[in-house]
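The structure appears right after this line, and notes come after that.
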Number of protein chains: 2
Amino acid sequence: MPDHNTRFKDFLELRGFKLTRSRKLILDAAFELHEHFDAEKLHDSLKGLNVSLATVYRTLPLLLDAGLIQLAMRSEGRDRFEHILGHPRHVHWICENCKQVFETNLDELVPRIEVAAKAQKFEINHINISISGLCWKCRINANESQ
Amino acid sequence: MPDHNTRFKDFLELRGFKLTRSRKLILDAAFELHEHFDAEKLHDSLKGLNVSLATVYRTLPLLLDAGLIQLAMRSEGRDRFEHILGHPRHVHWICENCKQVFETNLDELVPRIEVAAKAQKFEINHINISISGLCWKCRINANESQ
DNA sequence: ATCCTTAATGAGAATCATTTGCAACCAGCT
DNA sequence: AGCTGGTTGCAAATGATTCTCATTAAGGAT
């Protein structure tokens, strides 16, 4: 059984929630999508399996709480998630022009953030770093059209 | 004339937009609120001045583009902004329990981010760092109630 | 100062992601 | 197998944000 399955099972048990068919399907779908996804895309990937969009929305907070997925960003009016188990934390670089998202690792920044957390006795659950601007391709295009 | 006013004026001129009564009022209101605000709060602070909520929504992107405000975070389904002219960039620490927001400066992290940007030829326009978890007060309460 | 052109506004309707109410269902325990 | 309370699918509701459109008002030209 994959790691994320046992983790979800344990999480639900601890909270007194039930491991249902829909929840299992949603979790698996989230780990089969190897790109950012929103509620609708996740639901689409379950087409034909009779899982309602409402249940997808109801399950997303559980996956977040369980530390299985994280909110990658909000764009075009929707929340976009990504699964994180086994994935290193990373920074999101979002091009404001072409909307593409790039990722880099976050390792160098973490120790400094942890020092700041300790100083104010803050218990970190989640770090979100996103940087918006122009990717190299769009910079070139912007200069050409001047 | 305060700095933010001339900056907004110049920005609008450059883009061929008009400096209207509503826009002036909205800008001033944004700089009078010394806390995070969402569209509705900003609109409330203009009560009686006959500025419509739609215009507040229409002006927010202009203030963002002009670099006068920034999106501080999204919480409880709303976008929260803060004015930034003259304010140092900072990290947001958000307590998931009491929803309070704390701020620390960002100075130590910036140089490292800039190195990463240079490596991928990314032009940074905006850096957003928010960290969620538990503030020290809520940690204590959480432990007590176990 | 008045005209003119066109962007901008206020008010309300429309949109659309996300939530919720509810009756039927089923996971997990006895 | 029977209970029981959490869970679901569906449809309707919600609520932040956007859009429509008739009217108004910047700001350049006269």
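Note on naming: letters A, B, ... go to the chains in the order of the sequence lines (proteins, then strands), and numbering restarts at 1 for each one. FYI, side chains are in, hydrogens and waters are out, and symmetry mates aren't considered; it's all heavy atoms of this structure.
- Side-chain atoms of A/H90 never come within 3.5 Å of backbone atoms of A/I129 as a donor-acceptor pair (strictly under, hydrogens ignored).
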Trace of the side-chain contact (heavy atoms from CB on, under 4.5 Å) decision for A/I124 with B/W93: CA-CA 9 Å; A/I124 296 177; B/W93 303 78; 4.2 Å; yes

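- Distance check: A/L42 CG to A/L63 CG gives 8.0 Å after rounding to the nearest 0.5 Å.
- Scanning for side-chain contact (heavy atoms from CB on, under 4.5 Å) contacts around A/H83 gives A/F31, A/H34, A/I69, A/H87, with sequence neighbours left out.
- Contacts of residues 58-76 of chain B with DNA chain C (heavy atom under 4.0 Å): B/R58.
- A salt bridge is defined here as a Lys NZ or Arg NE, NH1 or NH2 lying under 4.0 Å from an Asp or Glu carboxylate O, and A/K118 with A/E114 fails to meet this definition.
- Contact annotation: B/Y57 side-chain N/O to D/dT18 OP1/OP2 distance is not under 4.0 Å.
- Of the residues in residues 33-44 of chain A, none lies under 4.0 Å from DNA chain C by heavy-atom distance.
- A salt bridge links A/D65 with A/R15: the distance from a Lys NZ or Arg NE/NH1/NH2 to an Asp or Glu carboxylate oxygen falls below 4.0 Å.
- If you take CG of A/L27 and P of D/dT7, they are 15 Å apart, rounded to a whole angstrom.
- Applying the 6.0 Å contact sphere to CD of B/Q120 captures more than 12 heavy atoms from other residues, nucleotides or ligands.
- Rounded to whole Å, the distance from CG on A/L12 to C1' on D/dG5 is 16 Å.
- In 5' to 3' order, the nucleotides of DNA chain C bounding all contacts with chain B (an atom under 4.0 Å from a heavy atom) are C/dT6 to C/dG12.
- The C1' atoms of five pairs define one axis at each end of the helix from C/dA1-D/dT30 to C/dT30-D/dA1, and these two axes lie 40° apart (to 10°).
- Using a 4.0 Å cut-off between a side-chain N of Lys or Arg and a carboxylate O of Asp or Glu, B/R78 and B/E40 qualify as a salt bridge.
- Atom CG in A/L53 sits about 11 Å away from atom C1' in D/dG9, given to the nearest Å.
- No donor-acceptor distance shorter than 3.5 angstrom exists from the side chain of B/T55 to the backbone of B/V51, with no hydrogens or angles considered.
- In terms of position along DNA chain C, the nucleotide closest to B/G16 lies nearer the 5' end than the nucleotide closest to the other residue of the pair B/G16 and B/S52.
- At distances below 3.5 Å, not a single donor-acceptor pair connects side-chain atoms of B/R74 with backbone N or O atoms of A/R74.
- To the nearest 0.5 angstrom, B/S45 atom OG is 8.5 Å from B/F37 atom CZ.
- Shown here for B/F122 and A/S132, the closest heavy-atom pair between the two residues is CE2-C, 3.8 Å.
- Remark: B/E76 engages B/R80 in a salt bridge, criterion side-chain N to carboxylate O under 4.0 Å.
- Side chain of A/H4 to main chain of A/P2: no donor-acceptor pair is present (N/O by atom type, distance under 3.5 Å, no hydrogens or angles).
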Contact pattern, 5' to 3', of nucleotides 24-30 of chain D - B, S or - by protein heavy atom under 4.0 Å: --BS---

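- Within a 6.0 Å sphere centred on CD of A/E96, other residues, nucleotides and ligands contribute more than 12 heavy atoms.
- Comparing A/N50 and B/R78, the nucleotide of DNA chain D nearest to each residue sits closer to the 5' end for A/N50.
- For B/R23 (side chain) and B/K18 (main-chain N/O), a donor-acceptor pair under 3.5 Å exists by modelled atom type.
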